[in-house]
Amino acid sequence: MSLEDELLRQRADAIGKIEALGFLPYGNRYDYSHTIPEILADHSERTGEDLEANRTSVRICGRIHTIRRMGKAGFSHLAQNGAQLQIYVRKDAVSEKDYELYQLLDLGDIIAAEGYLFRTRTGELSVHVEKLVFLAKTLLSMPEKWHGIEDVELRYRQRYLDLIASPESRQVFLTRAKVIASFRRQLDARGFVEVETPMMQPLYGGAAARPFTTHHNTLDIDLYLRIAPELYLKRLVVGGMERVYEINRNFRNEGVSTQHNPEFTMLEFYQAYTDYEGLMDFSCELLNQTAIDATGSPKVTYLDQALDFSAIQRFTMREAVIEYWPDSASRPMADNVADPDWLLSHSSKSTAGEALVEIFERVAEPKLIQPTIIYRYPVETSPLSKQSLDDPAFTDRFEIYAAGMEIGNAYTELNDPQEQRRRFQMQLAMRERGDEEAHQMDEDYLRAMSYGMPPTGGEGIGIDRLTMILTNSRSIRDVILFPLLRPEGEIGIAERLRALDP
RNA sequence: GGGCCGGUAGCUCAGUCGGUAGAGCAUUUGACUUUUAAUCAAAGGGUCGCGGGUUCGAGUCCCGCCCGGCUCACCA
């Protein structure tokens, strides 16, 4: 018998013994008087004398994280909501049945304890237990208490174990929730309406990416998982929902890396009657406040580098190429980065605009550690953005970079259906030249725009990447609870449980 | 997809030149009524990722495959 089966058998046997003592092996509702974090918040300052003089009774519950048994007494730590509280179980302070239960407990079991607060000889706030309640048994071993889970594969596949074993991981996901809550609060306060648009779409659009394909049986149609909600959100703006936003998943059938997960979460919002300059100012306010709400400060440390979301810098794309050019000897001049011949000679792309973007991504993007807005993007790579009034080769678009990653993308929305049709046709031509990610023609969207769309600014912010930065996480998989992994193969737990079933 | 690194007990990790597979935690038994990585004594526990090959002999060397990490390419 393998060790794991032996442990399983021992614990299954313990369930029987616990039941024989009169406890439910898997308990029901338990009405605690305090959560463990509440007790720590309310009573951590109290002295032992105070606790003795003004006895405080509590009913707490949680998962057992440590057990130290010593003959006729013992200590355990219960964990709940990321905090731990010690309990002290003494043979002469509880019923015989409860003490027998205490002897049968394993690390990882979930119990409740009732008693009063006191301080131990070493000063730790603890519960002097008078009664125990059994709530749930663990059949499998907990991770090692000191190192926790080091195997990242295990952390991603069995996130629940990661959450049990490492408070830091729990904190990452609490911060992620704060990021999302902060955006919602800020947008709601400004009159934005949260909406949900289709994730299964007959045509995909709103970004340059390859989609996932699926099929609806009854309708017998192929559908795409959305690569962006953009075109639906703008239909809503046409319909008079002047400020809308959506926070949800996009799906892109592309590579996996520390910065890419096939499904990822975007905030997209649209505001009628503003433009990209209005959005730049708004973005700075939004990100500053989100950083504060999530971490307590606009200044954060990411991989040993100090980032300040209260001081977001701004460059045009052309300026950024000059600013971040790697060596001063060959540094281009303003005339160079505006010269199609110069651009084409420094890139393998076939148009000046695509070349500028390619050069920018090569020389500047990795160096954009400080939160930075890059604005004015070439028209070729921006099929849905409005052209700049003073230069039709460019669009009124910007992206937000931080820690060398793109975390946001925004522009004045194109609202001229005739121009939108031309852009779609330009994209179709790129598609015919072999660009699989070029935009499709979306006639329903063109039709919507033909009813008149108000001038509008729209923006998308990558929640996962922003959360990486705000939690100092190196990989996007560290901020996604269940990142996509290949299936692990046979687990075998069903068979092992079946073998235990009497 | 390419390159590099990794997969050994439930967990964290050693394993030398190819020669009987180890430690700590966890588990079991015993001692211990304020411990806290509790302590002390003893015991049990292995598909060395999977499959081939070389060899008298493979955790170790060779080949293929699976899973993961980093990185490059692609992308947000």
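In what follows, every heavy atom counts, from backbone to side chain, and hydrogens, waters and symmetry copies are set aside. What you are looking at is a predicted structure, and each value in this text was computed from that prediction instead of being measured. Order of the sequence lines sets the chain letters (A, B, ...), proteins ahead of strands, with each chain counted from 1.
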Legend entry - Pairs where residues 101-123 of chain A contributes a residue and the test salt bridge (charged side-chain N to carboxylate O under 4.0 Å, His left out) is met, not counting sequence neighbours: Arg11(A)-Asp106(A), Asp106(A)-Lys137(A), Asp109(A)-Lys137(A)
Legend entry - Residue closer to the 5' end of RNA chain B, Ser257(A) versus Pro487(A) (nearest nucleotide): Pro487(A)
Inset, instruction - Check whether any side-chain N or O of Arg9(A) sits under 4.0 Å from OP1 or OP2 of rU27(B), and answer yes or no. - result: no
Inset, instruction - Please determine if a side-chain N or O atom of Arg486(A) lies less than 4.0 Å away from the OP1 or OP2 oxygen of rC67(B). - result: yes
Legend entry - Near-strand residues of residues 395-410 of chain A, defined as heavy-atom separation under 4.0 angstrom from RNA chain B: Glu406(A)
Legend entry - Proximity of Phe75(A) and Tyr88(A) rings by center, below 6.0 Å: yes
Legend entry - Check: Arg252(A) side chain, Pro262(A) main-chain N or O, donor-acceptor pair, under 3.5 Å: no
Legend entry - Derivation of the salt bridge (Lys or Arg N to Asp or Glu O under 4.0 Å) call for Asp98(A) and Lys131(A): CA-CA 7 Å; Asp98(A) 285 5; Lys131(A) 181 171 188 283; over 6 Å; no
Inset, instruction - Could you check whether Asn261(A) gets within reach of a base, just the sugar-phosphate, or nothing at all, counting any heavy atom under 4.0 Å? - result: base
Inset, instruction - Measure from the side-chain heavy atoms of Ala208(A) and tell me the nearest of rC67(B), rU35(B), rA76(B). - result: rA76(B)
Legend entry - Thr47(A) side-chain N/O to Asp50(A) backbone N/O, donor-acceptor pair under 3.5 Å: yes
Inset, instruction - Indicate, with a heavy-atom threshold strictly under 4.0 Å, whether Phe118(A) touches base, sugar-phosphate, or nothing. - result: base
Legend entry - Exercise: do Tyr102(A) and Glu100(A) side chains pair donor with acceptor under 3.5 Å: no
Legend entry - Flag, side chain of Asn472(A) to backbone of Leu303(A), donor-acceptor distance under 3.5 Å: yes
Inset, instruction - Using the C1' atom on both, measure rG69(B) against rU33(B) and round to a whole Å. - result: 49 Å
Legend entry - Per-nucleotide pairing state of RNA chain B [Watson-Crick or G-U, under 3.5 Å; [ ] pseudoknot-crossing; | other strand]: (((((((..((((.....[..)))).(((((.......))))).....(((((..]....))))))))))))....
Inset, instruction - For rU55(B) and rG68(B), measure between their C1' atoms and round to the nearest Å. - result: 32 Å
Legend entry - Flag, side chain of Thr372(A) to backbone of Gln370(A), donor-acceptor distance under 3.5 Å: yes
Legend entry - Selection: residues 357-383 of chain A, any non-hydrogen atom under 4.0 Å of RNA chain B: none
Inset, instruction - Give the B/S/- string for nucleotides 5-14 of chain B, one per nucleotide from 5' to 3', where a protein heavy atom under 4.0 Å of the base yields B, of only the sugar-phosphate yields S, and otherwise -. - result: -----BBSS-
Inset, instruction - Determine the Euclidean distance between corresponding C1' atoms of rA76(B) and rG6(B); express it in Å to zero decimal places. - result: 29 Å
Inset, instruction - Drop me the distance from Leu8(A)'s CG to Leu497(A)'s CG, to the nearest 0.5 angstrom. - result: 6.0 Å
Inset, instruction - Please confirm whether Tyr375(A) and Phe398(A) have ring centers closer than 6.0 angstrom. - result: no
Inset, instruction - Mind checking Arg474(A) for me? I need base, sugar-phosphate or nothing, with any heavy atom below 4.0 Å counting as a touch. - result: nothing
Inset, instruction - Without swapping roles, check the side chain of Arg362(A) against the backbone of Val357(A) for a donor-acceptor pair under 3.5 Å. - result: no
Legend entry - Flag for Thr265(A)-Arg176(A): side-chain donor and acceptor within less than 3.5 Å: yes
Legend entry - Expected output: side-chain Gln201(A) to main-chain Pro198(A) donor-acceptor under 3.5 Å: yes
Inset, instruction - For RNA chain B, find the residues of residues 66-88 of chain A with a heavy-atom distance under 4.0 Å and give them by number; none if there aren't any. - result: Arg68(A), Arg69(A), Met70(A), Gly71(A), Lys72(A), Ala73(A), Phe75(A), His77(A), Gln86(A), Tyr88(A)
Legend entry - Along RNA chain B (nearest heavy atom to each residue), the more 5'-positioned of Val256(A) and Gln259(A): Val256(A)
Inset, instruction - Could you work out the separation of rA38(B) and rG52(B) based on their P atoms and round it to a whole Å? - result: 44 Å
Inset, instruction - Pick the P atom in rC13(B) and in rG7(B), then give their distance to the nearest Å. - result: 10 Å
Inset, instruction - Return yes if some donor-acceptor pair links the side-chain N/O of Arg59(A) with the main-chain N/O of Ala112(A) below 3.5 Å, else return no. - result: no
Inset, instruction - Look at the side chain of Glu437(A) and decide which nucleotide, out of rC74(B), rU34(B), rU71(B), has an atom nearest to it. - result: rC74(B)
Legend entry - Separation between the P atoms of rC4(B) and rU39(B), rounded to whole Å: 44 Å
Inset, instruction - Quick one: label Arg465(A) by what it contacts on the DNA or RNA (base, sugar-phosphate, nothing), any heavy atom closer than 4.0 Å. - result: base
Legend entry - Inter-nucleotide C1' distance (rC66(B), rA41(B)), Å rounded: 44 Å
Inset, instruction - Please state whether the base of rU33(B) and the side chain of Arg90(A) form at least one donor-acceptor pair under 3.5 Å? - result: yes
Legend entry - Side-chain donor or acceptor of Tyr377(A) paired with backbone N/O of Gly353(A) under 3.5 Å: no
Legend entry - Over-ring placement of Lys17(A) relative to Phe23(A), 6.0 Å and 45° cut-offs: no
Inset, instruction - Among rA76(B), rU33(B), rG69(B), find the nucleotide with the atom closest to the side chain of Asp92(A). - result: rU33(B)
Inset, instruction - State whether a side-chain donor-acceptor pair under 3.5 Å links Ser126(A) with Gln86(A). - result: yes
Inset, instruction - Quote, to the nearest angstrom, the C1' distance that separates rA58(B) from rC11(B). - result: 27 Å
Inset, instruction - Report yes or no: does His439(A) contribute a side-chain atom to a donor-acceptor pair with the main-chain N or O of Gly206(A) at less than 3.5 Å? - result: yes
Inset, instruction - Quick one: label Ala207(A) by what it contacts on the DNA or RNA (base, sugar-phosphate, nothing), any heavy atom closer than 4.0 Å. - result: nothing
